[in-house]
Amino acid sequence: MASISTQLAGIKLDTCVFNAAGPKDVTIEELEVIAKSSSSAITMKSCTLDPRTGNPEPRYYDLPEGSINSMGLPNLGYKEYVRFTHVLKSKYAKPIVASISGLKFEDNLTIFEAFNESNADIIEFNPGSPNTIGKPTMGYDLEYLDSSLKEITKICKNPLGIKLPPYFDFVHFEQVADIIKKHKVLYICSINSIGNALVVDPEKEKVVIKPKGGFGGLGGKYIKYTALANVRKFYELLDGKVQLVGCGGIYSGTDAFEYILAGATSVQLGTVYMQEGPSCFERIQNELVAYMKKKGYESIEDFRGQLKTID
Ligand code: DHB
């Protein structure tokens with residue numbers, strides 16, 4: 001039996017497939033659905049200092065091969081997610097990933113401090129939301145990224161990863177990799193949704209989501225190749241010293257396989273979880289195992305990062 005176990009930021013994961021921050025992970029009821037599924041970790045919704053109702057609806061829309069959303073960080077506020085780590089830990093033996101997306105620099109410091117007293121196994125800093133009205137995508141402000149990481153790593157006692165927005169230019173990958181190298185960041189999760197896409201309904205001659213005149217983050221199959229490129233480029237630039245988590249358009253075991261080949265040590269499921277529900281975890285894990293078996297691989301380390309180029 002091929003093994004798809006892995007470790008992330010020093011935390012053992014039974015499989016390399018778990019849920020991405022965002023879809024159906026706001027309430028304790030939703031988190032318990034993930035806890036009971038085959039997801040190998042429980043990732044919670046990105047939290048802010050204060051509770052937020054988020055953007056006006058409709059704010060999520062399924063597309064034939066993905067999704068567009070502009071949720072606007074609806075969440076219960078960080079104190080509830082600190083509490084949820086204790087609730088979940090007392091009932092389930094699964095690693096918990098807390099996602100932090102403070103709207104201000106100082107908010108992040110307060111929230112990170114609070115999570116030191118939590119039962120979170122891993123913290124994912126998320127400066128990549130494109131959907132907060134009136135705020136730019138913070139992961140594109142490299143000075144902000146650098147100074148945030150400098151202060152956050154002083155405070156954070158938990159293993160720390162970062163979820164990054166997609167980059168499209170080699171020079172940006174290099175600049176971001178240089179920043180990541182300076183700080184104690186154990187993994188990069190690439191990518192957040194591709195920001196500010198626009199979906200048009202030609203029949204209605206109208207946009208499909210309400211916030212920001214219809215602009216929102218694109219997810220699903222449309223973004224897989226951009227996400228693979230981000231994983232691969234960071235893998236090359238970081239010389240295996242920082243782990244990569246692939247996120248974007250993983251709908252099958254072979255999608256997961258492609259990400260591992262590009263260098264990822266695990267993958268997160270976002271839109272597919274939204275669309276298929278909790279069965280997606282076991283299905284994709286089984287498909288990955290079957291594909292590895294066909295190839296004669298016994299563990300993900302047998303092929304991780306081994307993507308060939310054309311001479
Ligand atoms: C939201 C979207 C994101 O892509 C993200 O990283 C965090 C929050 C949102 O709109 O809720």
Side-chain angles (χ1 to χ4, degrees), residues 8-10 20-22 43-52 71-75 77-79 81-82 85 96-118 120-169 171-196 217 230-231 233-234 237-238 241-245 247 268:
L8 180 62
T43 311
M44 305 192 292
K45 175 73 182 172
S46 296
C47 63
T48 53
L49 195 65
D50 297 313
R52 289 169 58 85
M71 304 300 287
L73 275 165
N75 77 96
Y78 77 99
K79 287 183 183 161
Y81 296 98
V82 169
T85 66
I96 299 167
V97 182
S99 173
I100 297 180
S101 200
L103 297 180
K104 295 203 296 272
F105 187 82
E106 301 75 31
D107 293 0
N108 282 317
L109 306 188
T110 307
I111 302 171
F112 269 91
E113 182 108 48
F115 271 98
N116 284 341
E117 308 305 320
S118 77
D121 295 276
I122 295 172
I123 311 273
E124 199 168 273
F125 176 44
N126 177 13
S129 171
N131 297 336
T132 316
I133 293 167
K135 292 256 175 204
T137 304
M138 295 185 218
Y140 290 141
D141 180 340
L142 300 192
E143 261 174 55
Y144 180 88
L145 197 61
D146 195 13
S147 51
S148 298
L149 286 174
K150 185 167 171 224
E151 297 308 316
I152 285 168
T153 48
K154 278 188 205 157
I155 293 172
C156 181
K157 293 192 189 135
N158 295 287
L160 177 69
I162 187 166
K163 174 91 162 257
L164 288 174
Y167 301 95
F168 302 94
D169 203 297
V171 71
H172 295 149
F173 287 115
E174 285 159 18
Q175 289 166 351
V176 173
D178 285 344
I179 292 169
I180 297 296
K181 277 184 203 163
K182 280 167 59 182
H183 305 290
K184 202 167 173 255
V185 176
L186 300 177
Y187 74 85
I188 292 175
C189 178
S190 282
I191 57 175
N192 211 306
S193 57
I194 297 186
N196 296 317
N230 275 254
V231 166
K233 198 36 97 182
F234 282 127
L237 290 168
L238 293 162
K241 293 191 186 90
V242 176
Q243 290 184 300
L244 278 310
V245 176
C247 184
Q268 294 181 345

Asks: Under the ring-ring contact (aromatic ring centres under 6.0 Å, His included) rule, what pairs show up with a residue in residues 137-163, not counting sequence neighbours?
Replies: Tyr140-Tyr167
Asks: Checking Asn230 against Leu164 for the side-chain contact (heavy atoms from CB on, under 4.5 Å) test, could you report, in this order, the C-alpha distance in whole Å, the side-chain angles of both residues, the deciding distance, and whether it holds?
Replies: CA-CA 9 Å; Asn230 275 254; Leu164 288 174; over 6 Å; no
Asks: Excluding sequence neighbours, so at least two apart, what forms side-chain contact (heavy atoms from CB on, under 4.5 Å) with Asp146?
Replies: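 Asp146: side-chain contact (heavy atoms from CB on, under 4.5 Å) contacts with Ile179, Lys182, His183.
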Asks: By side-chain contact (heavy atoms from CB on, under 4.5 Å), which residues pair with Glu113, not counting sequence neighbours?
Replies: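 Ile155.
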Asks: Which value, rounded to the nearest 0.5 Å, describes the distance between Lys45 atom NZ and Tyr81 atom OH?
Replies: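 Going from NZ on Lys45 over to OH on Tyr81, the span is 8.0 Å.
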Asks: Which atom names give the shortest non-hydrogen contact between Gly102 and Ile111, and what distance separates them?
Replies: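 For Gly102 and Ile111, the tightest heavy-atom pair comes out as CA-CD1, 4.2 Å.
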Asks: Backbone N or O of Ser148 within a donor-acceptor pair of the Asn108 side chain at under 3.5 Å?
Replies: no
Asks: Who are the side-chain contact (heavy atoms from CB on, under 4.5 Å) partners of Glu106, not counting sequence neighbours?
Replies: Lys104
Asks: Would you tell me whether Thr48 and Asn75 have side-chain atoms, one donor and one acceptor, within less than 3.5 Å of each other?
Replies: yes
Asks: If you measure from CD on Gln175 to CG on Asp169, what distance do you get to the nearest 0.5 Å?
Replies: 9.0 Å
Asks: Supply the atom-to-atom distance Tyr78 OH to Ser118 OG, rounded to the nearest 0.5 angstrom.
Replies: 12.0 Å
Asks: Rounded to the nearest 0.5 Å, what separates atom CG in Leu103 from atom CE in Met138?
Replies: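 The CE atom of Met138 is 6.0 Å from CG of Leu103, to the nearest 0.5 Å.
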Asks: Going through the distances and angles, do Leu109 and Ile152 end up as a side-chain contact (heavy atoms from CB on, under 4.5 Å)?
Replies: CA-CA 6 Å; Leu109 306 188; Ile152 285 168; 4.2 Å; yes
Asks: From Ile122 CD1 over to Ser99 OG, what is the distance, rounded to the nearest 0.5 angstrom?
Replies: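 Rounded to the nearest 0.5 Å, the CD1-OG separation comes out at 12.0 Å.
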Asks: For a quick test of reading the model, state the closest non-hydrogen atom pair linking Pro165 to Asn192 and the distance between them.
Replies: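 In this case the closest contact between Pro165 and Asn192 is CA-CB, 3.9 Å.
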Asks: Quick one: closest heavy-atom pair of Ala21 and Gln268, and the distance?
Replies: N-OE1, 4.4 Å
Asks: Quick one, Phe125 with Val185, criterion side-chain contact (heavy atoms from CB on, under 4.5 Å). Give me CA distance, side-chain angles, the key distance, then yes/no.
Replies: CA-CA 10 Å; Phe125 176 44; Val185 176; over 6 Å; no
Asks: Measuring from atom OG of Ser101 to atom CZ of Arg52, what distance do you get when rounded to the nearest 0.5 angstrom?
Replies: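 Reported to 0.5 Å precision, the distance equals 9.0 Å.
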Asks: Take Leu149 and Ile162 through the test side-chain contact (heavy atoms from CB on, under 4.5 Å) and record every step on the way to the result.
Replies: CA-CA 9 Å; Leu149 286 174; Ile162 187 166; 4.2 Å; yes
Asks: Of all residues at least two apart in sequence or in a different chain, which pass the side-chain contact (heavy atoms from CB on, under 4.5 Å) check with Ala177?
Replies: Phe234, Leu237, Leu238
Asks: Quick one: does any side-chain atom of Asp121 pair with a main-chain N or O of Ile96 as donor and acceptor, under 3.5 Å?
Replies: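 Present.
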Asks: Any side chain to side chain donor-acceptor pair (under 3.5 Å) pairs touching residues 127-138, not counting sequence neighbours?
Replies: Asn69-Asn131
Asks: If you take all heavy atoms of Cys47 and Gly77, which pair is closest and at what distance?
Replies: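 Closest pair (atom of Cys47, atom of Gly77, distance): CB-C, 4.4 Å.
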Asks: What is the minimum heavy-atom distance between Ser193 and Gly217, and which atoms define it?
Replies: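 Of all heavy-atom pairs spanning Ser193 and Gly217, the closest is OG-CA, 3.5 Å.
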